[in-house]
Amino acid sequence: MSQFSKVSILSLGLMGGSLAAALKQRNLAQTIVGWGYREASLEKALVKGYIDSYSLDLAEAVDGAEIVIICSPAKVAETVLLDVVRLASNDTIISDVASVKENLSHVLIDAFGRVPANVVLAHPIAGSENSGIDAANAQLYVDHNVILTPANTSSNQAKQKVTALWQAVGANVSEMPVDEHDRILAGTSHLPHLLAFNMVGALAKLPTSHDVFKYAAGGLRDFTRIAASDPQMWAEIALTNKQAILNMMAMYHAEFQALVQEIETEDEQALIERFRSAKASRDHFSALLSKRHGSGV
C-alpha cells in the first residue's frame, strides 16, 4: 500500500526528477503529478515512468495533492511558493528543495503575515554537477541529509509528513533555524561552488590556458568539478543568500591574505601549521562521511 496519495512535484530537473523517480521506484505514492514550464521535460519524465501525469496548469497540478514539493530554482521558487499557498487546500502539505531558505520565509511572512501552518521549508543536501531530467537518479537522496527549517507556525502534522517523505526515499532528516541553515550552507556549499567557478574562469584567461587544462592533474579536476553546475541556478543562489555568502567570503579573504603573507615571507613553519590544521580537519570530515556512507571519501 502506498504511503502517500497524491504527490505533486513542481519542476522536474535533477532534484524533482530524482524525487519522483525515488517515490515511483519504492511505490510510495498512489499518484505522482509533475508540473513545470517546459513540457518537453515533463513529457520525458512521463515516458521514463517517473510520474503518472503532468499539467502545465499549476492549479490543476496541486489540486487534491497530499504533498506538494517545489523544486524550482531559488528565485522562481519564491513566486511558485506564493502561488501554491494561494491555490492549494489548507490540508495540502507544502515544501521545497531550495538551497536558500530565508528568502522563502520572508516572502511568506510579507504576503501572509506568517509562514502558513501547512508549509515546512526543506533542503536535501544532495545533487550533482549535472542538471535536468536526464540526470535524475532514484538513489540520489539515499544516506544524504535533508534539513527541515520549520517556522514556529508550522504544524506538527506538516513536519511529520515532510519528514516521512524524505525518510521514505532514504534520507536522514534533521531540523535547524532558517538563518542558521543559510549561514552554514554559505560555507559548506555556496562558497565552494563560487570558488570553483572563479578558479576555472581565472585559468581560462591565461595565455597558456589550453595547456593548463590539457595537463591538469586530479587536484584541479576534483576541485573544479562543481564548476560544471548550472550557471543560472548558482547565480540565483549567490544573490538570494547574498549576505551570508559575503560574510563567508570576507572570512576566506582574510585567510587567503594570511596565506599570501606566509608565502611572501617564506614562513615555512606557518605554512606547515596551516596545512597540518587543514589536513586534520579534512581527515575528521572524511571519517564522519565514511562512517555515514560506509566508505572513504
Side-chain angles (χ1 to χ4, degrees), residues 9-21 34-42 44-45 69-81 96-104 106-107 121-137 140-141 144 147 181-210 212-214 216 218-253 256:
I9 300 177
L10 312 184
S11 186
L12 289 167
L14 169 67
M15 305 298 281
S18 295
L19 179 57
W35 171 89
Y37 297 110
R38 293 194 294 261
E39 187 168 12
S41 294
L42 297 168
K44 188 172 288 188
I69 305 294
I70 300 166
C71 302
S72 305
K75 287 297 292 181
V76 176
E78 295 179 8
T79 301
V80 176
L81 178 59
D96 74 309
V97 302
S99 183
V100 186
K101 312 274 50 136
E102 201 158 17
N103 64 311
L104 298 179
H106 285 168
V107 297
L121 302 177
H123 177 210
I125 313 298
S128 164
E129 68 273 21
N130 300 312
S131 59
I133 189 64
D134 288 325
N137 172 12
L140 183 67
Y141 302 111
H144 283 265
I147 301 173
H181 168 276
D182 287 4
R183 185 169 62 251
I184 290 173
L185 267 292
T188 61
S189 176
H190 304 164
L191 180 60
H193 276 81
L194 299 185
L195 291 175
F197 280 119
N198 223 40
M199 172 67 83
V200 172
L203 292 176
K205 293 176 182 176
L206 293 174
T208 56
S209 62
H210 175 76
V212 167
F213 292 118
K214 180 179 179 181
L220 181 65
R221 290 196 299 272
D222 292 344
F223 176 67
T224 61
R225 173 186 59 81
I226 52 178
S229 301
D230 183 352
Q232 176 69 37
M233 178 182 77
W234 280 100
E236 291 189 11
I237 289 172
L239 296 179
T240 51
N241 201 22
K242 173 183 172 180
Q243 195 54 57
I245 291 173
L246 288 175
N247 291 342
M248 196 59 63
M249 282 180 161
M251 180 276 294
Y252 181 81
H253 179 71
F256 193 80

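Numbers here are sequence positions counted from 1.
Atom CG in L121 sits 6.5 Å away from atom CG in L81 (nearest 0.5 Å). Residue S72 holds its OG atom at 5.5 Å from CH2 of W35, rounded to the nearest 0.5 Å.
Take D96 and apply the salt bridge (charged side-chain N to carboxylate O under 4.0 Å, His left out) test, not counting sequence neighbours, and it matches K101. By the side-chain contact (heavy atoms from CB on, under 4.5 Å) test, L194 is found to be paired with A238, I245, M249, residues two or more places apart in sequence or in another chain being considered. When the side-chain contact (heavy atoms from CB on, under 4.5 Å) test is applied to A20, the partners found at least two apart in sequence or on another chain are I9, L12, I32, Y50, I51. For R225, the salt bridge (charged side-chain N to carboxylate O under 4.0 Å, His left out) partners are E129, not counting sequence neighbours. Residues meeting the side chain to side chain donor-acceptor pair (under 3.5 Å) test with E236, sequence neighbours left out: Q232. Taking the salt bridge (charged side-chain N to carboxylate O under 4.0 Å, His left out) definition, one finds that E78 meets it with K75, sequence neighbours left out. Under the side-chain contact (heavy atoms from CB on, under 4.5 Å) criterion, N247 pairs with Q243, sequence neighbours left out. Taking the side-chain contact (heavy atoms from CB on, under 4.5 Å) definition, one finds that T188 meets it with I184, L185, sequence neighbours left out.
Across all their heavy atoms, S131 and A135 have their closest contact at O-CB, 3.8 Å. Across P192 and G187, no two heavy atoms sit closer than the pair CD-O, 3.3 Å. Minimum interatomic distance between V200 and A227 (heavy atoms only, all atoms of both residues): CG2-CB, 3.8 Å. Minimum interatomic distance between S11 and C71 (heavy atoms only, all atoms of both residues): O-CB, 3.4 Å. Shown here for I133 and A45, the closest heavy-atom pair between the two residues is CD1-CB, 3.9 Å. Residues L19 and Y141 come closest through the heavy atom pair N-CE1, 3.6 Å.
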Show your reasoning for whether side chain to side chain contact (heavy atoms under 4.5 Å, CB included) applies to M248 and L191. CA-CA 7 Å; M248 196 59 63; L191 180 60; 3.5 Å; yes
Show your working on side chain to side chain contact (heavy atoms under 4.5 Å, CB included) between L14 and L140 and close with a plain yes or no. CA-CA 9 Å; L14 169 67; L140 183 67; 4.3 Å; yes
Chi angles and distances behind the side chain to side chain contact (heavy atoms under 4.5 Å, CB included) call for I70, V97: CA-CA 7 Å; I70 300 166; V97 302; over 6 Å; no
Let's go through D134 and K44 carefully: what are the C-alpha distance in whole Å and the side-chain angles of both, what is the deciding distance for side chain to side chain contact (heavy atoms under 4.5 Å, CB included) to 0.1 Å, and is it a yes or a no? CA-CA 8 Å; D134 288 325; K44 188 172 288 188; 3.1 Å; yes
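Side-chain atoms of H123 do not come within 3.5 Å of backbone N or O of I147 as any donor-acceptor pair. Without hydrogens or angle criteria, S18 side chain to N137 main chain gives a donor-acceptor distance under 3.5 Å. Here the side chain of D182 pairs a donor or acceptor atom with the backbone of E102 at under 3.5 angstrom.
The side chain to side chain donor-acceptor pair (under 3.5 Å) pairs that include a residue from residues 189-201 are S99-H190, H190-N241, where partners are two or more places apart or lie in different chains.
The closest side-chain heavy-atom distance from I226 to F197 is not below 4.5 Å.
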